[in-house]
Amino acid sequence: MRISRITVYHLELPLTHPYWLSGGRLRFDRLDGTFVRIDCDEGLSGWGEGCPWGHTYLPAHGPGTRAALEILAPALLGQDPRALDHINRVMDLQLPGHLYAKSPLDMACWDILGQAAGMPLWQLMGGAEAVAVPVNSSISTGTPEEMIALIETARAKGYRTHSAKLGGKDPAIDIARIEAIGAALLPVEMVTYDINRAWTPGLALQVLNSVETASWVEQPCETMEQCAFVARKVRQPVLLDECLHDFDDHLQAWRAETFAGLKIKPNRVGGLTKARRIRDFALHVGWKMHIEDVGGSALADTAAIHLAASTAEEARMDSWLCHEHLAVDPVPGQGARNVGGAATPPSLPGLGMVPAPSTLGDPVAVYEA
Ligand code: MG
């Protein structure tokens, strides 16, 4: 089986509401999505999606994905899409780095492998069944009252875990947010405080050593060293997100001997192949992990839910569904959706979903053998 054509689509993905994070430094109104379709000489087709969460969140942006595909896609023509490690070696040789741009191609190859094997991705990745993965809400930065209102809305949709976005220059404001949110939670609910790099280490210590919570704190500062400095001096467990890219970053995080968990986002680390490698490392060292994608439609969300569903429950924390924030749905009704606070991956072969042609528009590039 050989790759005969790669078709690229550019989708604007507007959010239903403006979204703020990192203490209000970063505002998002729409996301820039890239969809790829890989066709094979034997008739199978696979889909992938790459969607950095805007261009201020990570060293990644939508046009960068499509520019990198100009180099990556021709190199994959004629390759066997089922040979995932080989596919990734070809991409890494052709274009070092640029991990986020490789993710949609890797995802589409997994989709084809699953269809060729007649197995859903959760099974190919080691899972025993299509488990319902608990999902967490994502609570945009705001006043305590605004954030509690968002938690109440999420609660009505079945969410019992919330990721509250904090961070700012005034420790009193974040202390007030943490205390108000903690008091508003139901006994069955949990919250993670996601700082998205906004605090300096000193500010992080001021806030975290002034509050009672034992909730998880995510990516408090910009760098891994700064996060490690904080993690050694606070009582809350600290997990990493934005500072993790390649495998060496994860080794460095482990050697710091102070982090308790991480987020695994296929688009940030270069695709499902590399994400699975990191997942297996995290399982071995005993980290807790959220598995979800950086952003995008239910296609990208579902790929991550397949990986999450194949991961041992005791190691897994809740996943987030970006598509619940979107005003459009390129894969209408398909894939892993929130049903009462959990999302179940499809059991069809591969990813188990196909974008609706009417939502994609005309391709922006076609690469053919
Ligand atoms: Mg985060």
Side-chain angles (χ1 to χ4, degrees), residues 15 19-28 31 51-60 99-100 103 133-142 147 150-151 154 159 161-168 174 177-178 181 190-201 203-204 207-208 213 215-224 226-228 230-231 234 236-245 249-250 253 259-270 275 278-279 282 287-296 300-301 304-305 307-308 316-325:
L15 303 183
Y19 187 98
W20 300 85
L21 55 70
S22 202
R25 294 188 303 174
L26 308 180
R27 175 184 163 131
F28 304 89
L31 306 180
C51 182
W53 177 258
H55 54 84
T56 53
Y57 176 61
L58 289 170
L99 294 167
Y100 67 102
S103 183
V133 176
V135 289
N136 63 255
S137 74
S138 184
I139 306 299
S140 172
T141 310
M147 297 182 77
L150 290 172
I151 288 173
Y159 286 106
T161 306
H162 309 283
S163 173
K165 309 302 179 184
L166 303 184
D174 277 328
R177 287 175 176 136
I178 291 172
I181 290 169
M190 294 196 302
V191 64
T192 293
Y193 295 106
D194 189 359
I195 318 306
N196 297 109
R197 328 187 306 271
W199 286 337
T200 59
L203 192 59
V207 174
L208 295 176
T213 183
S215 293
W216 289 77
V217 173
E218 181 175 330
Q219 192 77 38
C221 304
E222 187 74 38
T223 68
M224 192 186 304
Q226 292 170 353
C227 292
V230 171
V234 298
Q236 297 84 5
V238 173
L239 66 98
L240 296 175
D241 183 351
E242 290 100 309
C243 69
L244 298 172
H245 299 277
D249 295 331
H250 297 77
F259 301 114
L262 76 168
K263 277 211 165 144
I264 299 179
K265 296 179 173 174
N267 190 259
R268 169 160 54 62
V269 302
I278 291 163
R279 185 275 307 267
W287 273 335
K288 295 279 274 187
M289 55 191 122
H290 295 271
I291 302 175
E292 60 199 38
D293 215 345
V294 176
D301 286 339
I305 292 290
L307 181 60
R316 177 164 31 84
M317 300 168 82
D318 296 1
S319 300
W320 167 68
L321 300 173
C322 179
H323 74 261
E324 292 233 302
H325 296 261

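In listed order, ligands and their atoms are each counted from 1.
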Report task. Find, among atoms of Asp194 that are N, O or S, the one nearest to the Mg ion (ligand 1), and state its name. Result -> OD2
Requested in this report: Run the ring-centre check on Tyr193 versus Trp199 and record whether the distance is less than 6.0 Å.
Outcome: no
Requested in this report: Say whether, by atom type as modelled, one donor and one acceptor occur between the side chain of Glu242 and the main chain of Arg197 under 3.5 angstrom.
Outcome: no
Requested in this report: Would you check, one step at a time, whether the test side chain to side chain contact (heavy atoms under 4.5 Å, CB included) holds for Asp318 with Thr192?
Outcome: CA-CA 10 Å; Asp318 296 1; Thr192 293; over 6 Å; no
Query raised in the report: Of the backbone and side-chain N, O or S atoms of Glu218, does one lie nearer to the Mg ion (ligand 1) than 2.8 Å?
Result: yes
Requested in this report: Measuring from the Mg ion (ligand 1), name the closest N, O or S atom belonging to Asp241.
Outcome: OD2
Report task. Looking only at non-hydrogen atoms, find the nearest pair between Lys263 and Lys265 and report the distance. Result -> CD-CE, 3.8 Å
